[in-house]
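Accompanying notes for the structure given below.
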Amino acid sequence: MDEFENEPTKEQKIWQVVAAIPPGNVASYGQVAAMAGLGRQARFVGQALGKLPAGHSIPWHRVLRSNGQIAFPEGTETRQLQTEKLRLEGVEVNKGKVSMKRFQWQP
DNA sequence: ACATTGACATGAT
DNA sequence: AATCATGCCAATG
C-alpha cells in the first residue's frame, strides 16, 4: 500500500544533491554524501549514480573524488565523456584531474 | 547469515 | 608525489 508513497530514498536524495550542483562547479563524493544526509557513505554515492536510469537529467559528471580526480580509470569511455562534459562547462581538466581550489562547489 | 565488492576518504609510510 | 593500509556503510552474491 503505501509502497507507492515514494519516500525520498537515499539514491533520490543523492540525485537531488547532485542535480543542485551548478554548471562550472564540482563536488566530491564525500561532499555529496554528507549533503544528502548519508554521513560518510561516499561510496554509496557512486553506486547510486551507477544505478541511474537512462534518460536521467543528473549531472553526474560534476562529481569527482575529494582530490579533484575523476573516479574512472584511463581508457574508459565514461571517463573521457566526463572530462569532455566538464570542459564544456568551463572546468579545466588536466590528466583527469580538476583544480578543486577553483571549481569545488561551495553552497 | 556471512563474505565480497564498490564511480570513496583519510592518514601513514 | 605515490603507494599502502584502515575505516565506512550499503548492496549483492
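The sequence lines fix the lettering, A, B, ..., with proteins before strands; numbering per chain opens at 1.
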> What nucleotide among C:dC8, B:dA7, C:dA11 has an atom nearest to a side-chain atom of A:Lys51?
Replying inline: C:dA11
>> Determine whether a donor-acceptor pair (N or O, by modelled atom type, separation under 3.5 Å) exists between the side chain of A:Gln82 and the backbone of A:His61.
In response: yes
> CG of A:Leu38 versus C1' of C:dC9: gap in Å, rounded?
Replying inline: 10 Å
> With distance as the sole test, does A:Gln31 use its side chain to make a donor-acceptor pair with the main-chain N or O of A:Trp105 at under 3.5 Å?
Replying inline: yes
> So what does A:Ser28 hit on the nucleic acid, given a heavy-atom distance under 4.0 Å: a base, only sugar-phosphate, or nothing?
Replying inline: sugar-phosphate
> Can you find a heavy atom in the side chain of A:Leu52 that is under 4.5 Å from one in the side chain of A:Leu49?
Replying inline: yes
> Between A:Thr78 and B:dA7, is there a side-chain N or O to OP1/OP2 distance below 4.0 Å?
Replying inline: no
>> Closest-nucleotide mapping onto DNA chain C: is A:Lys97 or A:Gln47 further toward the 5' terminus? I mean the 5' end.
In response: A:Lys97
> Given B:dA7, C:dC8, C:dA10, which nucleotide is nearest the side-chain atoms of A:Phe44?
Replying inline: C:dA10
>> By nearest atom, which of the nucleotides C:dC8, B:dA9, B:dA7 is closest to the A:Ser66 side chain?
In response: B:dA9
> For the pair made of CD1 in A:Ile58 and C1' in B:dA7, what is the distance, rounded to whole Å?
Replying inline: 15 Å
>> Donor-acceptor check, side chain of A:Gln47 to backbone of A:Glu11, threshold 3.5 angstrom: yes or no?
In response: no
